[in-house]
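See structure below.
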Amino acid sequence: MTIKLYNTLTQHKDDFTPIDPSQVTMYVCGPTVYNYVHIGNARPVVIFDVLYRLLKRNYPNVKYARNLTDVDDKINKAAAENNESIKVLSSRFVDAFHADMAQLNTLAPDLEPRATDNIDAMIEMIQTLINKGHAYESAGNVLFQVSTDANYGKLSKRNLDEMIAGKRVEVESYKKDAGDFILWKPSTDDLPGWDSPWGRGRPGWHIECSAMINKHLGKTIDIHCGGQDLIFPHHENEIAQGTCCHDNGSENFVNYWMHNGYITMNGEKMAKSVGNFFTVRELLDKFPGEVLRFALLTAHYRSPLDWSEETLLQAKASLDRLYGALRGAPIDANDIEHAKIDAVEQFIKDDLATPQALSVLHALAGDANKTEGEEKLLFQKALRRAASYLGLLTLNADEWFRWQPASSNASDGLGAEQIEALIEERLQARKDKDFARSDEIRDELKEQGVTLEDSKDGTRWTRS
RNA sequence: GGCGCGAUAGCAAAGCGGUUAUGCACUGGAUUGCAAAUCCACGUAGGCCGGUUCGACUCCGGCUCGCGCCUCCA
C-alpha cells in the first residue's frame, strides 16, 4: 500500500508521491525558544517523528528540517527581563527542548536551522518580493501585499473579502490592506537587530520558515507539518512568500500540508496564553517519557486529545501490559518478519493511524503471553520490531518496571540490593512455610512502592 | 459575521453500509500457600429528528450541544 496522508490543501487523504523519491523533504514548525515546551507543543514533534520514521523506512533519503525560532518579541521581552542576550536565553531553552524531546524518544531532525543564522536568506527573499511587486515599505516596515497574490487563502480556505470583513482584523495605518503582514520591522537600539536595506531591524515571524525552506530544502518541498493553529495566518503567509518570490508564483511551495489537532484540558485548547498547560519537563518528573509518547499516540493525530492524570495512567497501564509480554526478550529484533509487523506498517501508512497500530501491539503481546519458548520469542521480537515503528518499547522489561523519576535520590526508598535481600529472606520464609513472615515482607515492600510477583522462574519485583 | 472540526459503551479510543476494534475498569473461572502477572469467559455503544437502502454507528438533510481558527499560539 502506498502512503496516504491527509492534506489540508486538498482536504482529502491523498496518496503520497514525492517530488523526487531519492530525496524526500519534510519540514516541521519548531518551537519559539523562550521557555519550556508544554505537552501540546510536543504533540507535533512526536506525531511527525512517527512520519519521519515511516518515510525513512520507505525512501532511501529523507531530509527532515525543524526550525528554531530564536528571535521574536516574546524572546526579546524575556531576555530583557532577565538582563541577558537573546542568544543566551534561547540557547538555554534549545538545550532544554532537545533534552525533553530526547526523553520522548524522538529522532533528531537532519537540519535544525535557527532564525538568527538565516537572516541573510530572509533579507534576500524580502528584497525579491519587493522587486516583484509583492511587498512594499511603509513607515520603516516592509509588508507583504496580500492582494498581489491571486492564490492567497488557498490553504485556509479564506478569501480577502472575508478577511477584511472580519471584525477582528485591526487595520494599522501603515498597511495598504488589512490582510498585509510584516516581513521586516525596525528595531530600536535596545532591541536585537540586523542591518538591512531598510535599516536596522528584525524579521517578521512568517518569513523565517519560507526563507529557510528555500535555502535548505528547495523551492518546493514534499511535506510541511505543524499544529492546526498555524494554518492561518502562519502557513498561509508562508505559501504567499514562498510562491511569490519565484517565477510567477504558480508553483507549489509545499505539496502536502499536515496539521495535528490540539491537546486540550477539560475540552479547551491547551495554550501558554491561557495558562492551562503542563510542561513536558514537569510531566517527566512523574512519568517515563515513553508514557507521554504513548499517550500522544493513543488518539489519531488530527483529533483533539484531552490531557489529564487519567490519560497518563491509562497509557502507563497499557505499556505495563506490553512490557509484561517482553520479559526476557532481547532488545534487538531487526531480523524478524511477521504479518502483524506488516499490519502495523499498513496502519501507519494510512495517515498515521496510530490507535489501530497500537491495537496490533496488544494483539502481539497476547500472542507472546500465550506461547512458550521459540514461538514466544518470535512474538516478542515481532512486538519489539512493530513497536519500534512507533518509537516504543525500547527498554528492557526490568528497566521499564523499575523506572524511577530522575529527581528521586538514591536515598529515597529502597535500593535494589535491599530489595533483593528482602526477597531472599522471604524466599527462605516460604521454604519454611512461614507465610506470615513472607506476607509481611511483601506488604512492607508494597508500602515502599515495590511489588513482588512469584513465578516458576523465581520472584521478580517492580516499582509502581 | 466568515471558515472548519467533533458528538461511540463506566473511562480512553478506532475502523466499517450487513461478521469481535483495542486497552483500562468491572464480574466469573483457571493458576497461586495467599497474592501479583498471565490465560479463558463476559458488554448489540454510537447526541436528537427525518431521509436513502433489503439493511446505517457508518451515506444525505435538519436540529441540539461542544470545540477551534479569523490576534501570539503546536
Side-chain angles (χ1 to χ4, degrees), chain A residues 8 11 28-32 34 37-48 72-74 153 156-159 161-170 178-179 181 205 225-234 236 259-264 266-274 277 294-295 297-306 308 310-322 324-325 327 347 350 353-363 365-366 368-371 401 429-430 433-436 438-439 442-443 446 451-456 459-462 464:
Chain A
T8 308
Q11 296 178 295
V28 176
C29 280
T32 301
Y34 68 102
V37 296
H38 61 66
I39 190 68
N41 302 123
R43 168 121 97 151
V45 180
V46 168
I47 289 296
F48 299 120
D72 156 281
D73 285 349
K74 286 191 290 284
S156 56
K157 322 298 174 199
R158 291 159 212 263
N159 66 54
D161 294 338
E162 289 163 3
M163 297 269 310
I164 291 158
K167 52 196 172 202
R168 298 180 69 179
V169 179
E170 285 285 329
F181 57 91
W205 174 37
C225 316
Q228 280 174 350
D229 45 1
L230 298 183
I231 295 172
F232 191 89
H234 185 54
E236 195 68 63
H259 293 97
N260 63 278
Y262 304 121
I263 299 291
T264 57
N266 299 315
E268 309 230 321
K269 180 185 173 186
M270 180 181 286
K272 280 179 184 168
S273 55
V274 181
F277 62 88
F294 191 97
L297 298 177
T298 54
H300 185 74
Y301 77 94
R302 281 187 281 115
S303 302
L305 172 61
D306 205 62
S308 67
E310 186 64 19
T311 310
L312 274 325
L313 292 175
Q314 293 211 5
K316 169 79 160 53
S318 292
L319 281 165
D320 280 343
R321 173 173 148 81
L322 297 177
R327 289 182 190 280
F347 281 131
D350 185 11
T354 56
Q356 291 166 83
L358 292 177
S359 76
V360 179
L361 262 40
H362 281 290
N369 286 334
K370 271 175 273 200
T371 48
F401 285 111
R430 292 179 73 210
K433 303 281 183 207
D434 183 359
F435 294 120
S438 166
D439 290 350
R442 192 169 60 196
D443 291 343
K446 189 79 192 170
T451 304
L452 298 190
E453 297 172 12
D454 297 323
S455 76
K456 60 177 180 288
T459 300
R460 65 181 177 229
W461 61 273
T462 65
S464 56

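Computed over heavy atoms, backbone and side chain alike; hydrogens, waters and symmetry mates excluded. In what follows, chains carry the letters A, B, and so on, assigned in the order in which the sequence lines appear, proteins first and then strands, with residues in each chain numbered from 1.
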Residue met sooner reading RNA chain B from 5', once A/S318 and A/K370 are mapped to nucleotides
A/S318
Contacts of A/S438 and A/I231 projected onto RNA chain B by closest heavy atom; the upstream (5') one is A/S438
Atom [atom1] of [X] to atom [atom2] of [N]: distance rounded to whole Å?
X	N	atom1	atom2	answer
A/F347	B/U22	CZ	P	12 Å
A/Q356	B/G15	CD	C1'	5 Å
A/R460	B/U32	CZ	P	16 Å
A/Y262	B/G4	OH	C1'	10 Å
A/K74	B/A74	NZ	C1'	12 Å
A/E268	B/C65	CD	P	17 Å
A/N266	B/C65	CG	P	21 Å
A/L297	B/U22	CG	P	20 Å

What nucleotide, of [options], holds the atom closest to the side chain of [X]?
X	options	result
A/H300	B/A21, B/A14, B/C24	B/A14
A/R43	B/C69, B/A74, B/G23	B/A74
A/T32	B/A74, B/C70, B/A13	B/A74

For A/T264, the side-chain hydrogen bond (donor to acceptor under 3.5 Å, both in side chains) test, sequence neighbours excluded, returns A/D306
[atom2] on [Y] to [atom1] on [X], rounded to 0.5 Å:
X	Y	atom1	atom2	value
A/H38	A/I263	NE2	CD1	9.5 Å
A/Q314	A/S308	CD	OG	8.0 Å
A/Y262	A/Q228	OH	CD	5.5 Å
A/E453	A/W461	CD	CH2	12.0 Å
A/F401	A/T451	CZ	OG1	10.5 Å

Determine the Euclidean distance between corresponding [atom1] atoms of [M] and [N]; express it in Å to zero decimal places.
N	M	atom1	value
B/U22	B/G18	C1'	22 Å
B/G6	B/C63	C1'	16 Å
B/U44	B/U58	C1'	16 Å
B/U19	B/A56	P	12 Å
B/G10	B/A25	C1'	7 Å
B/A12	B/G61	P	28 Å
B/G66	B/A74	P	27 Å
B/A45	B/C57	C1'	8 Å

Counting distance alone, no hydrogens or angles: does the base of [N] have a donor or acceptor under 3.5 Å from a partner atom on the side chain of [X]?
X	N	answer
A/S303	B/G6	no
A/D454	B/C34	yes
A/R442	B/C34	yes
A/D229	B/G68	no
A/Q314	B/G23	yes

Within the structure shown, what part of the strands sits under 4.0 Å from [X] by heavy-atom distance: base, sugar-phosphate, or nothing?
X	value
A/L452	base
A/L230	sugar-phosphate
A/N260	base
A/T311	nothing
A/G40	base
A/I263	base
A/R430	base
A/H234	nothing

Got more than 12 heavy atoms from elsewhere within 6.0 Å of CG, A/N266?
no
Looking at A/R442 and A/D439, is any side-chain nitrogen of the basic one under 4.0 Å from a carboxylate oxygen of the acidic one?
yes
Quick one, A/T298 with A/L305, criterion side-chain contact (heavy atoms from CB on, under 4.5 Å). Give me CA distance, side-chain angles, the key distance, then yes/no.
CA-CA 9 Å; A/T298 54; A/L305 172 61; 4.3 Å; yes
Centroid under 5.5 Å and tilt under 30°, A/F435 to B/G33:
yes
Base-paired stems in RNA chain B, each at least three Watson-Crick or G-U pairs under 3.5 Å
B:1-7 with B:64-70, B:10-12 with B:22-24, B:27-30 with B:38-41, B:47-51 with B:59-63
Whether A/N41 contacts B/A74 is assessed here as follows: a side-chain N or O lying under 4.0 Å from the phosphate OP1 or OP2. Is that the case?
yes
